[in-house]
Amino acid sequence: MINRLRGTILFDNIALLSLSLVVNVLGFGFQFIMARLLLPPAYAEMFAVLSLLAIITVPGLALNTLTIKMTGEYWVHGRGEELWQWIVRAGLVVSLIGLFLALVLSLFSRWFADLLHLDTVYSIIVAGVAIVATFLVIVVKGSLAGIHSFVYLGVVNVIETAGRLVSGVVFVMLGFAAAGAVSATVVSAVAAILIGGWIAKRSVKQTPAFENMHIRPLPNLSAQLQILIIAFALAAMFNIDILFVKQRFSEFEAAEYAAIALLGRTLFFAASPVSVVMLPHCISAFRDGRSLIPVLTVSLLVIGLILAFIMLILVIFPDRLFDIVFGGRYSVDYAMLLTYAIAGSMLALFSALSQLHVGINNLSVWRIVTVLTFSMIFSMVFFSSSRQDIATSVAVASSLVVAYLTWETVRVLRSSNR
């Protein structure tokens, strides 16, 4: 039975989700321990700096989708030597970009610290070091997904998250506070790069050869840019609200919002492995001329079950969750928590549906997605006087994106009879 399922989207989802469950527990443990070890100002600083890191590394995070797409195309066409060359080139390019961004961040560390209301620049400087490692680990993990090595990808994710937890606790206990918590990102990323890179190189040598197959042209530079824009929009929707809150409200209010956002984002994080599995399978189905409906159906069903389970817990046990995770430091804003839960759910669906369109090269969706993302930012700048307004902006914008992508998905499936 297992052998029959091996290689199917259901098997890959089960494998990656099972290991991702371990990752989520470890990630939850990291946040749980940091929330207990760090005082509210330090916890808010950690959350804000990590969100800043996520924003700055958006080109790298967007590169995850591009890496899966490109390595997946090479893989399904049996072009192993070119595949490894592309991985190496991508690693070199993102390293140079990362070094440049790290230099800029270091030079303007005082400005960023003032922007986020931080007393010192130490966390900012550490974030600069983390940029390069973060970019490289994204290429490595994206490559593993592109070549359908989902079990190995899950193992690398576990190693990375465990390393982050252990090193974070050690650094904070040594007295490095928020800077120590951010430093854990560097240590864990380096471990993932070394182990994941070795696995990827070994796996690429086993690239399957496909005979009697029509070779489609690989995405050109314009198409690659459109893929990056789509992924950039998702990353911006997911991260930018924290920076607005940190800049506009008090340290405690920002920390309280970060706590609510953490629980709401759990919906996205829990479902994100499904999107990672979905893209390579869409590429394969599109190459073979097979129907995309089974891939889409299985993916959305799994995502729906995950979202329903977590949403139920958030609705029924919000006070209990806050007590367990944050030790009673923050009170529950039920309206904001529900709003962010909706936003997290919509962002998970945004991720999945965008992977479908990237997989089948329907990249024109970037236009509307970009417009809606900028509309969200505009709303936050001019019409958000409270934290609830900012959370609502994320929920509304992500819901509109999902509605548009759903319509676009139905149109594509009907027109292609898939």
Side-chain angles (χ1 to χ4, degrees), residues 5 8-29 31-32 150 154 157 161 234 237-238 241 257 259-279 281-282 292-326 332-357 388 391-410 413:
L5 286 175
T8 66
I9 188 170
L10 181 59
F11 176 87
D12 289 338
N13 270 310
I14 292 173
L16 189 56
L17 282 169
S18 299
L19 290 166
S20 295
L21 180 61
V22 180
V23 170
N24 289 331
V25 171
L26 292 172
F28 178 85
Q31 294 289 347
F32 175 85
F150 296 108
N157 285 335
T161 314
L234 174 61
M237 281 195 177
F238 189 71
D241 61 312
Y257 183 93
I260 292 172
L262 171 62
L263 295 183
R265 291 178 178 203
T266 303
L267 291 136
F268 173 84
F269 285 125
S272 59
V274 181
S275 299
V276 172
V277 172
M278 187 177 181
L279 177 52
H281 280 276
C282 284
L292 294 165
I293 293 177
V295 174
L296 181 62
T297 301
V298 171
S299 299
L300 293 182
L301 179 60
V302 175
I303 289 175
L305 291 173
I306 293 172
L307 296 182
F309 176 74
I310 298 177
M311 184 74 81
L312 189 64
I313 294 176
L314 289 178
V315 171
I316 297 177
F317 306 109
D319 296 287
R320 184 61 177 164
L321 282 174
F322 261 68
D323 288 340
I324 293 174
V325 179
F326 306 110
V332 182
D333 185 318
Y334 300 101
M336 196 185 305
L337 179 60
L338 179 60
T339 302
Y340 221 106
I342 293 172
S345 300
M346 292 300 102
L347 288 170
L349 292 173
F350 176 4
S351 178
L353 293 174
S354 65
Q355 300 304 294
L356 171 69
H357 293 285
Q388 177 64 47
T392 300
S393 296
V394 180
V396 171
S398 57
S399 297
L400 290 174
V401 169
V402 169
Y404 165 69
L405 290 178
T406 300
W407 175 83
E408 190 71 18
T409 300
V410 173
L413 292 179

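Closest of all the heavy-atom pairs between Pro273 and Ser20 is CG-OG, 3.2 Å. Contact between Ala395 and Ile342 at its shortest, heavy atoms only, is CB-CG2, 4.5 Å. Residues Phe150 and Leu16 share a closest heavy-atom pair of O-CD1, 3.6 Å. Pairing each heavy atom of Ser351 with each of Phe268, the nearest pair is CB-CE1, 4.0 Å. The minimum heavy-atom distance between Ser398 and Met346, with the atom names listed, is OG-CB, 3.3 Å. Closest approach of Ser345 and Leu267 over heavy atoms only: OG-CD2, 3.7 Å.
No side-chain donor-acceptor contact under 3.5 Å links Ser299 to the backbone of Leu296.
Using cut-offs of 30° and 60° on the angle between ring planes, the pair Tyr340 and Tyr257 is perpendicular.
Counting only heavy atoms from C-beta outward, the side chains of Val401 and Met237 approach each other to under 4.5 Å. No side-chain heavy atom of Val277 sits under 4.5 Å from any side-chain heavy atom of Val302. Contact annotation: the side chain of Leu17 approaches that of Ile306 to within less than 4.5 Å [non-hydrogen atoms, C-beta and beyond]. Annotation: side chain of Phe238 is in contact with side chain of Phe269 (closest heavy-atom distance under 4.5 Å). You'll find the side chain of Leu19 stays beyond 4.5 Å of the side chain of Val23, heavy atoms only.
Note that CE of Met311 and CD1 of Ile316 are 12.0 Å apart. Values are rounded to the nearest 0.5 Å. The CD1 atom of Ile260 sits 10.5 Å away from the OH atom of Tyr334 when rounded to the nearest 0.5 Å. Expressed to the nearest 0.5 Å, how far CG of Leu305 lies from CG of Leu300 amounts to 11.0 Å. Taken to the nearest 0.5 Å, the CE atom of Met278 stands 8.5 Å off from the OG atom of Ser354. To the nearest 0.5 Å, atom CG of residue Leu292 and atom OG1 of residue Thr409 are 10.0 Å apart.
Shown are Val410, Leu400, Leu356, Leu353; of these, the side chain to side chain contact (heavy atoms under 4.5 Å, CB included) with Leu405 is made only by Leu353.
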